[in-house]
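Model, not experiment: these values are computed from the prediction. Residue numbers begin at 1 in each chain, while the letters A, B, ... track the order of the sequences.
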Amino acid sequence: MGEMQEIQGSVQPDSYNPSEVESKWKNLWTERHTNVPDIKGAKNPYYALMMFPYPSAEGLHVGNMFAFTGNDIHARYQRLQGKDVFEPLGYDAFGIHSENYALKVGMHPADLIPKNIANFRRQLERAGLMVDWTRSLSTTDPDYYRWTQWVFLQLYKQGLAYKKKGAVNWCPFDKTVLANEQVENGLCERCGTKVEQRFLEQWFFEISKYAPRLLENLDRLDWSETTKAAQRNWIGRSNGAEIDFRLATKVDGEDDYRSIRVFTTRPDTILGVTYMVLAPEHPLVDSIATAEQRLAVDNYREEAKKKDLIARKVNKEKTGVFTGAYAINPATGKHVPIWISDYVLMEYGTGAIMAVPGHDERDGEFAETFGLPIVVLTDEEMESAPKVGVDVVNYRLHDWCISRQRYWGPPIPIIYCDDCGPVPVPENQLPVLLPPIDDFKPDDSGVSPLARHEEWYITPCPNCGKQGRRETDVSDTFLDSAWYFLRYPSVGIDDKPFDPEITKRWLPVDTYIGGNEHAVLHLLYSRFITMVLKDGGHIEFDEPFTKFRAHGLIIREGAKMSKSKGNVVNPDEYIDEWGADSFRTYLMFLGPFEEGGDFRDQGISGVRRFLDRLWSSVLNCEHTGEPDADVIRKLHQTIKKAGDDTAKLSYNTAIAAMMEYMNVVRKGERKSHAKEIAPLVQLVAPFAPHIAEELWERMGNSESVFNSTWPTYDPASLTEDSVEIAVQVNGKMRGKISVSAGVQQDEAYSAAIAVPGIAKFVTGEPKKVVFVPGRLLSIVV
RNA sequence: GCUCGAAUGGUGGAACCGGUAGACACGAGGGACUUAAAAUCCCUUUGCCGCAAGGCAGUGCGAGUUCGAGUCUCGCUUCGAGCACCA
């Protein structure tokens, strides 16, 4: 063996071989249960959570890897701080995405998903995450979705789940309804198909009731500001007033005058009202339309119903029709005509507005189109406007439509009975299993494929025992993911969704990391469900994630990665070539974690070089004699810098600090001392855990490096004895002086003008001298 | 239109509270080692002028505050993200 290496020459007997080191430690971690915390007895529990992935057939994406690694580093860092860290990971495997893919490749999702999960698991394990694999889950496990159905029932019990026929977003491609949050610019978020409006009976969660709380709590959450801003935007609070406009004539056959209530944010402009507009669907339209206008009104309402949402939103030309009726402005007593138009939305406010064309752009356009009068008010008129309204607050947040006319999801646990009406499935009869049907392809009927299976949906009413009918819609995937963080610590407990003692110990989640694309979907829904469970007495906190950080996106060659551009990075290739430790560290080094960055193939070599140097420095270090005092000083500075930066997820600068230290340690090809290099192994450990374990072991430690304690620094070492002070004359850099650290202004000044290059700019007595100790001397002449 | 971000060498990116702009890394150039290459190690690397010492300019653009501005204020430009006929 030795002879062979002698012949090959280039092969060092003990050079760094990532794949060897990594597979060794992967196995040891599993054997020793290194990553399994004591769920019931942990003294310093720390829950480090990462948004779970959808297990796609393509396998893990670098974006996922980037995010998981960032979370893993945080988790490992917290562990080195002495915390009992729980880092779980599972799969968000229900939903349209999985189902569409299964349809495309002609497989059943129930067969496809386990394959995808196995591939994900393989890739995730290669990444060296500190994940507790004994507590994983998939939302498609009956053991899991049983409790998703339980969550539905809690909302139902608390009066927050209701069924309503109404205008909903229908995706003609995915053949299902969508939540408002899943519609982007009138297009389906998943497939980009134009969304149509349909009138269907659907299950809703009354999230709108929680709008004030969802908004107010944001102020006390330690979350990325961008995420909070997106939620505030989405919840959309606006302060205004509701004002009643009485009709000028009575509705036929009624004794009293009816009135129309409007919402406005500008009650001070009431003197400028020249007409009113109702949404076409407004319930009063039928009764107030006059005989002459009836036909025109009906036609317009039919047109509005047909018009797809995108036409309404993109083509903002104003259309409308006069109802023939008039109302009385409560502030002036004047009669104003009542129109209907689809620029007024039934879902917002009261579905009716007072139009002030002189002070509202949209009203102005409408008035111009139809030749209605435009009144521009003076400031005095607005200030002296009579108060005829009641102050109200409106939110844009709509209720969450959770029914999906699809197959691949948890069936909604409701049974319809002719006598008893909708009856919730008793909790002890959960789960309502999703039947293994083959014809799961959705159709245009507006009902789920499950509705084709009488043998499944015909079932006795839990109340009276007569023949009933199951709800055939399944619930939205976002319900699966709105509570999964509650389940992880209690995985394996089969008589309740989450154990109260365990939940008390581990939740809320200490840090949550994920993509900002979920700011108004998953993150809002999770907060809502948490509040509901708190109000139902199931948990003791009403915010699920104490701290949330949105990670950035990885791009390549300045563009988003996509298959069509051919610039997708497959993590496997890079791990094969460079090792997981180098790959992880490179991902964290390429840019700020919360911003992301550009993935460049060549960049990874620098990180690998760093690990190679670390390897050889540790293996060749001196164990006798004393370490260099200057190096030790730099070490303390590095411990502080790398520690502070790692703690605040500023991973790229933490790595830079370690590299800088490495350069100091090896300066001029010197041999490092064990005391100089050992703490660096610990600093590197969260980033490159395998090599850190290996080196830690080779340094004579028998325990995992992750059971060691983060090195401490001596604050006295942070300041240098002598410092370089910058000297400016009239604001321009003119030179530097080297002085002892505690030097005062006079002394610094004398030292400065003793330098000819500085003195030549200082002519005569200075007008002013500014001295920043240890940094700078500024002379004004 | 509204709400957030961002803009710094050839490239990715650093810069605490307003205090030496360009840390760290890639790339490039030069050198050492080698029969050679790879690997490794060392040096140089914002631009311009200069043999040098040194000087001038410089953080998207234009003003301002300040002894001093990448950083603060005002006014723009461009790019990215979210929301959008929400009264």
inquiry  = It should be established whether A:Arg734 places a side-chain nitrogen or oxygen under 4.0 Å from OP1 or OP2 of nucleotide B:C67.
reply    = no
query = Nearest to the side chain of A:Ser605 - B:A14, B:G27, B:G19?
reply = B:G27
request  = Could you check how far CD of A:Glu594 sits from P of B:G13, rounded to whole Å?
outcome  = 15 Å
Euclidean distance, atom OH of residue A:Tyr586 to atom P of B:G27 [Å, nearest integer] = 11 Å
request  = Answer yes or no: does a side-chain N or O of A:Asn652 lie under 4.0 Å from OP1 or OP2 of B:A14?
outcome  = yes
Pairwise P distance, B:A69 and B:A32 [rounded to whole Å] = 46 Å
message = Check for me whether A:Arg734 meets the cation-pi criterion with A:Phe761, that is, NZ or CZ under 6.0 Å from the six-membered ring centre and within 45 degrees of the ring axis.
response = yes
ask   = What does A:Asn663 touch in the nucleic acid at a heavy-atom separation under 4.0 angstrom: a base, only the sugar-phosphate, or nothing?
value = sugar-phosphate
ask   = Closer than 4.0 Å, any side-chain N/O of A:Arg775 to the OP1 or OP2 of B:U20?
value = yes
ask   = Looking only at side-chain N and O atoms, does A:Lys732 come under 4.0 Å of OP1 or OP2 in B:A57?
value = yes
query = In whole Å, what separates the P atom of B:G47 from that of B:A23?
reply = 13 Å
inquiry  = Please report the distance separating the P of B:A57 from the corresponding atom of B:G68, rounded so that it comes out in whole Å.
reply    = 15 Å
message = If I pick the P atom on B:C48 and the same atom on B:C43, what distance separates them, to the nearest angstrom?
response = 24 Å
request  = Describe the nucleic acid contact of A:Lys767 in one word from base, sugar-phosphate, nothing, applying a heavy-atom distance below 4.0 Å.
outcome  = nothing
message = Suppose you measure atom C1' in B:A84 against the same atom in B:G18; what distance do you get, rounded to whole Å?
response = 38 Å
query = A:Lys667 side chain: which of B:U20, B:C43, B:G19 is closest?
reply = B:C43
inquiry  = For the C1' atoms, the ones on B:G70 and on B:C61, what distance do you get once it is rounded to whole angstrom?
reply    = 15 Å
inquiry  = Taking the six-membered ring for Trp, are A:Tyr275 and A:Phe322 closer than 6.0 Å centroid to centroid?
reply    = no
message = Tell me the interatomic distance from A:Phe589, atom CZ, to B:A25, atom C1', rounded to whole angstroms.
response = 4 Å
message = Using a 4.0 Å heavy-atom cut-off, does A:Arg609 contact any base of the nucleic acid, only the sugar-phosphate backbone, or nothing at all?
response = sugar-phosphate
request  = Can you tell me the pairing partner of B:G75 across any strand shown, Watson-Crick or G-U wobble, with both distances under 3.5 angstrom?
outcome  = B:C61
request  = Write down the distance between NZ (A:Lys641) and P (B:A23), rounded to a whole number of angstrom.
outcome  = 14 Å
task = Considering just the side-chain nitrogens and oxygens of A:Lys768, establish if one lies under 4.0 Å of OP1 or OP2 belonging to B:C67.
result = yes
message = Between P on B:C26 and CD on A:Gln602, what's the gap in Å once rounded to a whole number?
response = 10 Å
query = Which one, B:U20, B:G19, B:A84, comes nearest to the side chain of A:Ala726?
reply = B:U20
ask   = Can you check whether A:Tyr348 has a side-chain N or O nearer than 4.0 Å to OP1 or OP2 of B:A87?
value = yes
query = Within 45° of the ring axis of A:Trp223 and under 6.0 Å from its six-membered ring centre, is that where the NZ or CZ of A:Arg527 lies?
reply = yes
ask   = Checking all strands, does A:Arg613 fall into the base, sugar-phosphate, or nothing category for heavy-atom contacts under 4.0 angstrom?
value = sugar-phosphate
request  = Would you indicate what A:Thr653 reaches in the nucleic acid, counting non-hydrogen atoms under 4.0 angstrom: base, sugar-phosphate, or nothing?
outcome  = sugar-phosphate
message = Would you call the rings of A:Phe366 and A:Phe370 parallel, tilted or perpendicular, taking 30° and 60° as the class edges?
response = tilted
key: A:Phe583 and A:Trp578 aromatic centres sub-6.0 Å   = no
ask   = So A:Tyr210 and A:Phe528, would you call those rings parallel, tilted or perpendicular, with 30° and 60° as cut-offs?
value = perpendicular
task = Determine whether the aromatic ring centres of A:Tyr525 and A:Trp400 lie less than 6.0 Å apart.
result = yes
task = Using whole Å, report how far CD of A:Glu595 lies from C1' of B:U8.
result = 13 Å
request  = Round to a whole Å and report the spacing from CD1 of A:Ile758 to P of B:U20.
outcome  = 15 Å
key: Between B:G19 (P) and A:Phe771 (CZ): distance, integer Å   = 16 Å
query = How would you label the contact of A:Glu225 with the nucleic acid (heavy atoms, under 4.0 Å): base, sugar-phosphate, or nothing?
reply = nothing
task = Answer with base, sugar-phosphate or nothing: what part of the nucleic acid does A:Asn516 contact at a heavy-atom distance below 4.0 Å?
result = nothing
task = Please state whether the rings of A:Phe66 and A:Phe593 are parallel, tilted or perpendicular, taking 30° and 60° as the class boundaries.
result = tilted
task = Select base, sugar-phosphate, or nothing to describe what A:Ser341 touches, counting heavy atoms under 4.0 Å on all strands.
result = nothing
Distance, C1' atom - from B:U20 to B:A14, rounded to whole angstrom = 15 Å
inquiry  = Please classify the nucleic acid contact of A:Gln728 as base, sugar-phosphate, or nothing, using heavy-atom distances under 4.0 Å.
reply    = base
